[in-house]
Amino acid sequence: MMEKMVIRRILALFPNAIVRKLLLMLIFSLVLWVLYLSSGDYKKLLIHWRNPVVLKQWSVFKKYLSCEDTQSPEVFPTDTELSVMEIVERLDQMIPPRPFTHMTTTTSAKHSRAVILNPQDTYCKGDQLDILLEMRDHLGHRKEYGGDFLRARMSSPALKAGASGKVTDFNNGTYLVSFTLFWEGQVSLSVMLIHPSEGVSALWRARNQGYDRIIFKGKFLNGTSEVITECGLALNSSAELCQYLDIRDQEAFYCVKPPYVHCEAFIYMSTRNRHISYLSKEEWNLFNRSNIGIEMMKNLNSIKVLPCNKTEDIKKKCQIGMKAPFPSGYAYKGNWITTFCKLMEFNTTKNIRDCLGRKLIYLMGDSTLRQWMYYLPKVVETLKYFDHHGSGPFRTHVLLDIERHSLIQWKKHSHPFVTEKVFSLKDENYIPREIDQVAGDSNTAIVITIGQHFRPFPINTFIRRAINIRKAIERLFLRSPETKVILKTENTRELHINAELFSDFHGYIQNLIMRDIFEDLHVGIIDVWDMTVAHSTNNVHPPDNVVWHQIRMFLNYIC
């Protein structure tokens with residue numbers, strides 16, 4: 001014990017590992033020399049060397065001279081990993097496994113019952129109308145658990161009006177669907193069964209089971225020729241890999257290294273769907289076109305809503321930091337009307353130009369945000385495209401108004417990005433790294449959207465990215481608290497395109513995660529999920545009128 005203490009005190013004076021080893025070798029040589037002098041002759045030295053005390057001393061020196069650790073260091077999860085695990089655990093509790101034996105035991109839209117609570121002959125604008133749903137299976141038996149993925153909507157086609165309904169799951173086979181009657185006239189009510197709870201459970205299990213349902217094809221430049229190899233967020237391969245790691249944010253992407261080609265020569269990529277599924281053949285029956293998005297209230301008549309001379313509350317102008325309820329607004333006669341704040345019109349080109357004057361606007365995300373770049377020049381003719389070089393729709397897009405010193409830039413988010421079209425990786429960067437490069441000031445705004453390209457991958461990938469984005473925004477606010485940051489939620493899309501990979505259920509869960517992670521951060525929210533449900537667009541790229549609603553909301557936040 002005493003020997004160890006002495007050695008540790010000596011080593012503390014020499015922190016360099018190489019110097020430590022040389023010092024220990026010198027000390028050991030001196031010990032041998034002393035033993036030699038005290039031994040009298042060589043034979044006595046050998047006898048003395050076999051002494052267990054000396055062997056014990058040697059073992060102490062050997063321990064410190066060894067290049068290998070005698071014990072593996074204990075690895076603790078990072079704060080980000082702990083947060084990811086905590087959120088996944090909560091989601092697993094919210095989406096528990098549901099038994100699936102046969103289609104007949106799953107939720108049936110046809111056999112389930114919908115009853116209006118406290119029905120009236122007429123209703124007043126601003127009233128709340130509640131509907132109780134009692135879910136039954138295809139045999140007419142009442143369901144005893146919840147978890148069905150439902151979509152509620154009210155509409156008046158003649159008024160070009162629509163709004164989301166709020167669904168409350170009591171987890172016992174019954175649901176409360178609440179509609180706020182925002183406008184007067186004849187109103188139709190709709191509740192669709194998108195997926196039964198058994199389908200939801202299957203999608204959740206399948207999603208978190210693997211990374212290999214999307215094939216990433218990376219192109220490497222080898223002189224003047226291109227070499228194609230397989231890439232991905234995770235690769236099950238014994239081949240040598242190129243590792244593209246962001247150690248700080250724990251983000252990783254891999255490619256099988258082409259022979260005789262540098263990993264730095266990675267220039268282009270495209271993707272396609274792999275014919276791999278983690279759903280059983282029986283489970284796939286739940287996602288046939290005929291079993292997705294089934295109306296549950298076909299026999300329910302429309303209701304009549306009267307004005308009733310009710311006064312409306314005066315709302316403050318929409319500002320960053322306001323908490324948006326659900327629904328956050330409704331469509332009416334071509335406009336988007338928010339329920340929690342007052343939207344300024346921006347109904348002239350001059351209004352929009354003045355708002356954008358001297359602004360630096362950075363759009364970071366997917367092609368649903370790139371739609372802004374296509375729409376804005378249609379209404380502001382002084383915004384001109386700057387040729388940022390590159391090719392294809394996923395290159396960096398820049399709009400400039402030289403006279404008013406306005407710049408708007410769109411850059412795609414980094415891996416995963418799912419598209420059959422080839423895109424460049426030469427200026428590829430994760431959104432947190434892009435945010436870190438923004439200086440920020442009162443005339444700078446950042447808009448972020450992620451989601452659609454994450455749907456085919458385990459949920460921890462999305463959660464980690466959202467947490468890293470939040471941390472980057474926090475760093476931005478430390479150096480520039482006046483910079484404006486707006487989150488655009490992802491939107492609904494086509495109901496019948498490969499549910500395992502792209503179902504709106506995945507997007508719905510991701511929206512919940514985003515709201516949870518950014519809840520207490522001073523950012524603006526553009527609820528495009530709500531907008532697209534209200535308009536019933538069901539298109540991954542919403543039409544121009546919905547794009548304008550998004551931009552108008554954004555202009556209210558920055559001006």
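These numbers come from a predicted model, not from an experiment. All values below come from the heavy atoms of this structure, side chains included, with hydrogens, waters and symmetry mates left out.
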Report the relative orientation of the aromatic rings in [X] and [Y]; use parallel for angles under 30°, tilted for 30 to 60°, perpendicular for over 60°.
X	Y	answer
W336	H549	tilted
H397	W410	perpendicular
Y330	W183	tilted

Are any of the side-chain heavy atoms of [X] and [Y] separated by less than 4.5 Å?
X	Y	value
R404	T382	yes
P456	R213	no
D148	Y175	yes
E184	L306	no
L356	D401	no
F554	F346	no
L521	L487	no
M531	P542	no

Indicate yes or no for a side-chain donor-acceptor contact from [X] to the backbone of [Y] under 3.5 Å, with no hydrogens or angles considered.
X	Y	answer
N172	T174	yes
S164	V533	no
R353	V380	no
T271	I214	no
N498	F502	no
T106	M103	yes
H453	V418	yes
R153	A534	yes
T532	T492	yes
E494	V540	yes

Just checking, is any N or O donor in the side chain of [X] or [Y] under 3.5 Å from an acceptor N or O on the other one?
X	Y	result
K488	T368	yes
Q409	T396	no
N539	T537	no
D130	S178	yes
S277	E500	yes
E283	Y278	no

Which pair of heavy atoms, one from [X] and one from [Y], lies closest together, and at what distance?
X	Y	answer
K143	E198	NZ-OE2, 3.0 Å
P432	R465	CD-CD, 4.3 Å
G365	F417	O-CE1, 4.4 Å
R98	S197	CG-O, 3.9 Å
E295	S190	OE1-OG, 2.6 Å
T107	M135	CG2-CE, 3.6 Å

Just wondering, more than 12 heavy atoms not from [X] lying within 6.0 Å of its [atom1]?
X	atom1	value
Q319	CD	yes
E403	CD	no
Y508	OH	no
R90	CZ	yes
K323	NZ	yes
D520	CG	yes
M344	CE	no
K317	NZ	yes

Show your working on side-chain contact (heavy atoms from CB on, under 4.5 Å) between N291 and L286 and close with a plain yes or no.
CA-CA 6 Å; N291 293 324; L286 297 169; 5.8 Å; no

Please lay out, stage by stage, how T444 and V438 fare under the test side-chain contact (heavy atoms from CB on, under 4.5 Å).
CA-CA 9 Å; T444 300; V438 175; 3.8 Å; yes

From [X] atom [atom1] to [Y] atom [atom2], the distance as rounded to the nearest 0.5 Å:
X	Y	atom1	atom2	value
S108	M296	OG	CE	8.5 Å
T449	M514	OG1	CE	7.0 Å
K160	K333	NZ	NZ	11.0 Å
I551	L376	CD1	CG	4.0 Å
I194	L495	CD1	CG	5.0 Å
K110	H138	NZ	NE2	10.0 Å

Check for me whether the distance between the ring centres of F454 and H413 falls short of 6.0 Å.
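Yes, they do, as the ring centres are separated by less than 6.0 Å.
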
Are F287 and H195 close enough that their ring centres sit under 6.0 Å apart?
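Between F287 and H195, the centre distance is under 6.0 Å.
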
Scan L300, V167, V115, L117 and name whichever one has a side-chain contact (heavy atoms from CB on, under 4.5 Å) with I131.
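The single option meeting the side-chain contact (heavy atoms from CB on, under 4.5 Å) with I131 is L300.
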
Check against salt bridge (Lys or Arg N to Asp or Glu O under 4.0 Å), R136 and E134:
CA-CA 7 Å; R136 295 177 178 268; E134 184 185 87; 2.6 Å; yes

Between K412 and E434, is there a salt bridge with N-O shorter than 4.0 Å?
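Looking at E434 and K412, the cut-off is not met.
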
Could you check K359 against N443 for side-chain contact (heavy atoms from CB on, under 4.5 Å), going step by step and ending with a plain yes or no?
CA-CA 5 Å; K359 296 292 192 301; N443 283 320; 3.9 Å; yes

Check the pair F518, R470 against side-chain contact (heavy atoms from CB on, under 4.5 Å), reporting the backbone distance first and the verdict last.
CA-CA 7 Å; F518 291 90; R470 180 196 164 100; 3.7 Å; yes

